[in-house]
2 protein chains.
Amino acid sequence: MNAADGMNYAPVGEKKAVVKPGEFVFSAARLDHGHIYGMCNALTEAGATLKYVWDPDKEKVAHFLKMYPQATPAESEEQILQDKDTMMVAAAAVTSERGPFGVTVMEHGKDYFTDKAPFTTTAQLNKAKETVAKTGKKYMVYYSERLHVEGAILAGYMVDAGEIGKVISVTGFGPHRLGAKNRPAWFFEKDKYGGILCDIGSHQIEQYLHFAGEEDAEVTMARIGNYGHPEYPGLDDFGDCTLTGKNGTTNYFRVDWFNPDGLRTWGDGRTFILGTEGFIEIRKYINLGAENVSGNHVYLVNGKGEQYFDATGKTGFPFFGGLILDCLNRTEKAMTQAHAFKAAELCLRAQETAVVIAP
Amino acid sequence: MNAADGMNYAPVGEKKAVVKPGEFVFSAARLDHGHIYGMCNALTEAGATLKYVWDPDKEKVAHFLKMYPQATPAESEEQILQDKDTMMVAAAAVTSERGPFGVTVMEHGKDYFTDKAPFTTTAQLNKAKETVAKTGKKYMVYYSERLHVEGAILAGYMVDAGEIGKVISVTGFGPHRLGAKNRPAWFFEKDKYGGILCDIGSHQIEQYLHFAGEEDAEVTMARIGNYGHPEYPGLDDFGDCTLTGKNGTTNYFRVDWFNPDGLRTWGDGRTFILGTEGFIEIRKYINLGAENVSGNHVYLVNGKGEQYFDATGKTGFPFFGGLILDCLNRTEKAMTQAHAFKAAELCLRAQETAVVIAP
């Protein structure tokens, strides 16, 4: 793998199987983004059985097989689609192909688990919605910056427990290291990656909806720009956005590709959740200036005082086992389809309505 | 004084006189906000000579005289206005009276130094602009969250030195402890305090213009709400806002009155400055969870690595000596009149255009 380090973000967690071997079988296809490793780690840790892997690029498959020797290289994508054991297809295709591929997967009677962003156009989203309605299958999304970050999981528990009262506002920073030389060409073509608010913005909007308990929201301001990368005219290297939730909560997030070379990790991702009775700050991947590089730093401040929690190794990643059980039981406990689609819809709207402010 | 602790924020700095005793004489009038103490501390530390103090409330004057025994209680406001020695009047009137009082001060041939926010209406701003043009006097503003915070001063030096390249975006959080029982009644009357984006938002906009080097900006989104204080219907307890600068930089800030009781200080004020080559975070008044409560924590991350600076006692507060010299020399080195007025104009516009989102 020569991808930039953010592209290789693939946490390893505790093995906590919710099913026995063979009870939930999935296959991996389309290895265009390194997130496929995070997705497969988490699913297999939760007990899912990985059957096939497929990608047209044999080098990508060979690398994948080193990580997951239990997988069988498929002869074609069709082999996976036709496979009777495969209940779900996990895929990290080029962003613009995620929607169409998901439709194909669902039409073959399988659930679909895609890397984020799940779509690059509203037409793709609408087609996926139709197909979900028609087939009863799931179109689930790897919103990794919440689902695969223990600090974010813990913060969610704190909010649910009422530790900060009623949520008023969520602010998110999603800076990323570009590592342009190690990125594939599609990463810089806007019709392929979808624009920054659609791409890494999707994490932010999903988190906002989750932490604020909002089912719907309005994009009230969105900006994009290319401030420092004229050699990649298709790249938005900065974007920010505000949303107002249906229940009156507020969100601001900013995302960028300006993570400084001197930061000891790929981005100083933060989330701030303000409530009527307190606030939470998550320092997801690093605590600036601390001796060691480690993530999942959670600060909770309320009437009881200031409390610090290191969430690493504490919560695990309950989404993935939940997703397996949702697929088996046809429930929506880990995430509703409406939530996954709403985050997708809003990040598309943010991108579509964004004002270009630079250059 | 029974004011809430944020209202008493009055840093004490090193004495660093830029003039000899008697060379720059000022008087204090209208002690409605505790910021008058910060203003007088800083001016006297910079060598200014405090002559008179006046307020209709004798208790306020008595308290002031305990802090500044060198001051003489004036018999009336008029005595200060007519005093030939007094070159500047420092005042922290009720916000809605700051503009009209400043006009009176300038018409009496004296410079005016007011607590922020400097105005509650655009008409007041326009009248002050006219009077500055007519009299040649200064209408300067105590934007304390930058001018009186060493962490902010240091960050400004870092930006000026090019440590983070070209500034792209500034994000500010200005949470404040309400301490409602200790606030005067005017504090909860919107026509008197001006609304949250005008009041504590003014600090944020001033900082944005300064750090981003912007001379003008557009308010692109503004929201206000009362999420938790129905007993004070005139209070905005939350507000947030985005601005786009003329040069294409971006700003978001949020301000609120929800500082949790358990925080060991009156607000976890932060500023984040993102540049093309790095970023700066200022933790102004506290570093969450640290053993001791102290402020001025500055994190600088760029190509050279992650660096931490404790700015306490390092920079001092150069604005105030600069202001004295600007008054004496009729220069604008410490702050231009245009900058002070632009921050005022934009916070008024933010407040005027804000969408009410709660209740």
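Only heavy atoms go into these numbers, but all of them, side chains included; no hydrogens, no water, no symmetry mates. To find a chain, count down the sequence lines: A is the first, B the second, and so on, and within it residues start at 1. What you are looking at is a predicted structure, and each value in this text was computed from that prediction instead of being measured.
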Open item on the list: Walk me through whether B:V301 and A:D268 qualify under side chain to side chain contact (heavy atoms under 4.5 Å, CB included).
Closed with: CA-CA 10 Å; B:V301 186; A:D268 183 14; over 6 Å; no
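Top candidate by heavy-atom pairs under 4.5 Å with chain A, chosen from B:G228, B:G262, B:G165, is B:G262. Of the listed residues (A:S169, A:G278, A:A358), the one with the most heavy-atom contacts under 4.5 Å to chain B is A:S169. Considering only heavy-atom pairs separated by less than 4.5 Å from chain A, the leading option among B:G289, B:P175, B:G245, B:G305 is B:G305. Of all the listed residues (A:D240, A:N247, A:L274, A:N259), the one sharing the greatest number of non-hydrogen pairs under 4.5 Å with chain B is A:L274. Interface summary for chain A: among B:V355, B:D237, B:N251, the most heavy-atom pairs under 4.5 angstrom belong to B:N251. Interface check for chain B: of the options A:N302, A:T276, A:L288, the most heavy-atom pairs under 4.5 Å are formed by A:L288. For the set A:R283, A:E281, A:K166, the entry with the most heavy-atom pairs within less than 4.5 Å of chain B is A:R283.
Closest non-hydrogen pair, A:G303 versus B:D261, comes out as CA-CB, 4.3 Å. Among all heavy-atom pairs drawn from B:R223 and A:T220, the shortest one is NH1-OG1, 3.7 Å.
Contact annotation for B:R254: only side-chain heavy atoms (C-beta onward) come within less than 4.5 Å of a heavy atom of chain A. Neither the backbone nor the side chain of A:I164 comes within less than 4.5 Å of any heavy atom in chain B. Both the backbone and the side chain of B:F279 come within contact range of chain A, with heavy atoms under 4.5 Å apart. Proximity to chain B is limited to the side chain of A:D256, based on heavy atoms less than 4.5 angstrom apart. For A:Q307, no part sits under 4.5 Å from any heavy atom of chain B, backbone or side chain.
Note that CZ of A:F253 is 12.5 Å distant from OG1 of B:T171, once rounded to the nearest 0.5 Å.
A donor-acceptor contact shorter than 3.5 Å links the side chain of A:Y227 to the backbone of B:G248.
Taking the six-membered ring for Trp and thresholds of 30 and 60 degrees, A:F173 and B:F272 have ring planes more than 60 degrees apart, a perpendicular arrangement.
Heavy atoms of other residues, nucleotides or ligands lying less than 6.0 angstrom from CD of A:E215 number 12 at most. The environment of NZ in B:K314 is crowded: more than 12 heavy-atom neighbours from other residues, nucleotides or ligands sit within 6.0 Å.
A heavy-atom distance below 4.5 Å is found between the side chains of B:I357 and A:T250.
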